[in-house]
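Below is one structure, written out as structure tokens; the observations come after it.
All values derive from a computational prediction rather than experimental measurement. Chain identifiers are assigned alphabetically (A, B, ...) following the order of the sequence lines, protein sequences preceding nucleic acid strands; residue numbering begins at 1 within each chain. Computed over heavy atoms, backbone and side chain alike; hydrogens, waters and symmetry mates excluded.
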There are 2 protein chains.
Amino acid sequence: MADNAKGRERKPRITVKDLARDLNMSVSTVSRAFHPHAVIAQQTRDVVLKRAQEIGYRPNPFARSLITKKTRIVGLVVSDITNPFYPEVVTRMTEDLRAFGMNVMLVAAQAPKEIDDAVRLLLTYQPDLAIILASRLSPEVRDECEAQGTPVVFFNRLSEDDHCFGVSCDNRIGGAMVADFLIDRGHQRLAYIAARPDASTNVERRAGFVQRAIERGLEEPVCVEAGLFSYEAGYGAAAAFGALASRPDGVFCANDILAIGFMDGVRRELGLAIPEDLSVVGFDDVAMAAWPSHALTTVRQPVEAMLKSTVDIARKVSAQPAAEPFVQRIAPTVLVERQSTRNRHAD
Amino acid sequence: MADNAKGRERKPRITVKDLARDLNMSVSTVSRAFHPHAVIAQQTRDVVLKRAQEIGYRPNPFARSLITKKTRIVGLVVSDITNPFYPEVVTRMTEDLRAFGMNVMLVAAQAPKEIDDAVRLLLTYQPDLAIILASRLSPEVRDECEAQGTPVVFFNRLSEDDHCFGVSCDNRIGGAMVADFLIDRGHQRLAYIAARPDASTNVERRAGFVQRAIERGLEEPVCVEAGLFSYEAGYGAAAAFGALASRPDGVFCANDILAIGFMDGVRRELGLAIPEDLSVVGFDDVAMAAWPSHALTTVRQPVEAMLKSTVDIARKVSAQPAAEPFVQRIAPTVLVERQSTRNRHAD
DNA sequence: CTGAAAGCGCTTACAG
DNA sequence: CTGAAAGCGCTTACAG
């Protein structure tokens, strides 16, 4: 027991000094071995690194960042955790950033007010970059980031001002893809199930979808306002959909989780069959979309490319914090066809 | 443009020195104002804190932790992101820890090997505590945590050795609750759909369930091995279930996501009706369990209490790192009855 | 109760 | 190419 407790006492960490003494070198030299661009004899570096490995020395990132002003910490702010797209993205983002030695400090919160506070606490850790997943930042907090010199990237949202980076799918193109897909398969009356009216993703998917439908000579698709990106919102939208004068035969939902709720609502509340009575298309291609119960046809977000772009930004601002922000929109290329849609030309 | 770029340069941060000069005090005094237990005149503290607020000074946590050896960073290791229980827990945990000024550094990874590397990187940041959600840690990495004096808590898993804290639901009791629930409602032939054989959650839920069924005079429940905690595993288990000689009328699945997959498989592959042909019970009570499409009866994990216990540990080890580890098992108290089960006494 | 000084573990000009 | 020294932004004995 006593032994046990003793084992858990915070052991004094091995420091540069220890390693320098061990190697009979100066701390300067030892330190240089850990910096790829530092001027040091290759042989010396090898010796240092080897010995460090042996005795388990790793530079203290806090002491280091006190001088370099770099923390290798990336703040990740996520609020909409009910959308399975985000856990998937968070996991991959964490892995990808780690591959470049960057650690993720997570800020998850529900209320916008909480987000603000959380970001402020995050800022005291001087992250090299803050990544905002699908939420808003109050203008004040945005300014605080700027004042502190922390670059911000909005992921999967249109950046609202030109002080921030933005990485997102080209949602207009995605919306148009869906319209083409449905029209090519003989659908005549299209509908859009809308989510948050203030989300760029919702607005753009809708615009691309509606515009393409009109371009191709269909009537303007009817819109049902579900209000949120959630299962419940989709389920609830089924009632309003059922009340439409003439029933659409092709429905595009703002994202997958909304589509899945909508499908369940349509089936259980309206007693309609999918895809016999109507086709349903989503957006994201979350893992759940492939489940046999829904087999949702959907636009796959170019997550790989979006993550790569984000990691590139992280590396760039890490080297050069004053880099000029830009917005990158990546066109989706894959529409995964499953059993929630069918070809109506046969009718 | 030039203006823009200039605005983004990392501004020199306000330091104690700046604030001390501004207030005509020594840095020592200013510093003390930020430490609740420090000896300082109340009036002085008020003045300092007020002025700090005004000019936006916040102590640099890195510089601070260099001396205190406390980082207020909690490492959160999560691997099984396909189970919606974890995103929910991660969000709440992050919020709850933040309420005590602790930040979460997230380590998400798929492969065990990756986890090891990720935890090593995490360790260089000297987290005050590492919380492991439902994954394993290789013995070597466990030793590295110990060597560095970083306490470890296993969340929702039985701690495997007495060097680590453990916080989990009492899964035996939970399993027994399910058996009682089904038996009380007239079910005669019980079955268990098993997930990872090496997970304590799976093993204990099964044991509690089987034992109680036997105690109450039923035949030993049959077990179907699904192998994993996933939708796909549950869906796949339906086939084996359908091949059983005599069909069970009450099924307990190792957790919700497995149950949801199982229900879909049973309905689509076997053409059986739930709850008419069989009742299905899950474990966790994730948000998805309440969706109308599944309306899953399930044991609610005592998440509140589990989180509270975890945060308490975080605060305790933060004050006294050598605290003796313990394992806390919290009995579940709520079994949420929905429409995936019914009363068979009427038959 | 407050201040001057040392020091946490590093990095980086500056000499040599 | 290497070392001695200064300093990053704090905290904390130690005096007073």
Problem set entry | Verdict with reasoning, Thr94(B) to Thr91(B), per side-chain hydrogen bond (donor to acceptor under 3.5 Å, both in side chains) | CA-CA 5 Å; Thr94(B) 302; Thr91(B) 302; over 6 Å; no

Whole angstrom is fine here: how far is it from [atom1] in [X] over to [atom2] in [N]?
X         : N       : atom1 : atom2 : answer
Arg13(B)  : dC8(D)  : CZ    : C1'   : 12 Å
His37(B)  : dT11(D) : NE2   : C1'   : 15 Å
Phe34(B)  : dG9(D)  : CZ    : C1'   : 13 Å
Tyr125(B) : dG9(C)  : OH    : P     : 18 Å
Arg72(A)  : dC10(C) : CZ    : P     : 16 Å
Leu23(A)  : dT2(D)  : CG    : P     : 12 Å
Gln126(A) : dC10(D) : CD    : C1'   : 13 Å
Leu19(A)  : dT11(C) : CG    : P     : 12 Å

Do the side chains of [X] and [Y] get close enough for a salt bridge, i.e. N-O under 4.0 angstrom?
X         : Y         : answer
Lys316(B) : Asp312(B) : no
Asp46(A)  : Lys50(A)  : no
Asp22(B)  : Arg51(B)  : yes

Problem set entry | Dot-bracket encoding of pairs in DNA chain D, which uses [ ] for pseudoknotted crossings and | for another strand, Watson-Crick or G-U under 3.5 angstrom | |||.||||||||.|||

For this session: Can you establish whether the number of heavy atoms outside Glu54(B) located under 6.0 Å from its atom CD is more than 12?
Result: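 For Glu54(B), atom CD is crowded (more than 12 foreign heavy atoms under 6.0 Å).
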
For this session: Could you tell me which residues satisfy ring-ring contact (aromatic ring centres under 6.0 Å, His included) with Phe326(A), sequence neighbours excluded, listed by chain and number?
Result: Phe165(A)

For this session: For Thr15(A), answer base if it contacts any base atom (sugar-phosphate contacts may also be present), sugar-phosphate if it contacts only those atoms, and nothing otherwise; contact means non-hydrogen atoms under 4.0 Å.
Result: sugar-phosphate

Problem set entry | Sidechain-backbone polar pair: Thr44(A) side chain, Ile40(A) backbone, donor-acceptor under 3.5 Å | no

Just to confirm, is there a sub-4.0 Å distance from OP1 or OP2 of [N] to any side-chain nitrogen or oxygen of [X]?
X        : N       : value
Thr68(B) : dT11(D) : no
Lys70(B) : dT11(D) : no
Lys69(A) : dT11(C) : no

Exercise. Where is the tightest heavy-atom contact between Ser79(B) and Ile115(B), given as atom of each residue plus distance?
Worked result: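 Of all heavy-atom pairs spanning Ser79(B) and Ile115(B), the closest is CB-CD1, 3.7 Å.
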
Problem set entry | Residues within residues 58-67 of chain B bordering DNA chain D, heavy-atom distance below 4.0 Å | Arg58(B), Pro59(B), Asn60(B), Ala63(B), Arg64(B), Leu66(B), Ile67(B)

Problem set entry | Nucleic acid contacts - residues 38-50 of chain A versus DNA chain D, non-hydrogen atoms under 4.0 Å | Val39(A), Ile40(A), Ala41(A), Thr44(A)

So [Y] and [X], do their side chains get closer than 4.5 Å, heavy atoms only?
X         : Y         : result
Arg329(A) : Cys169(A) : no
Leu129(A) : Val153(A) : yes
Val48(B)  : Leu23(B)  : yes
Thr71(B)  : Tyr125(B) : no

For this session: Scan residues 22-59 of chain A for pairs that pass ring-ring contact (aromatic ring centres under 6.0 Å, His included), counting only residues two or more places apart or in two chains.
Result: Phe34(A)-Tyr57(A)

Could you run down the sub-3.5 Å N/O contacts of the protein with nucleotides 3-5 of chain D?
unit_1, atom_1, unit_2, atom_2, d
dG3(D), OP2, Ser26(A), N, 3.2
dG3(D), OP2, Ser26(A), OG, 3.1
dG3(D), OP2, Thr29(A), OG1, 2.6
dG3(D), N7, Arg32(A), NH2, 2.6
dG3(D), O6, Arg32(A), NH1, 3.2
dG3(D), O6, Arg32(A), NH2, 3.2
dA4(D), N7, Ser28(A), OG, 3.1
dA4(D), N6, Ser28(A), OG, 2.7

Exercise. Once you round to the nearest 0.5 Å, how far does CZ of Arg142(B) lie from SG of Cys164(B)?
Worked result: 4.0 Å

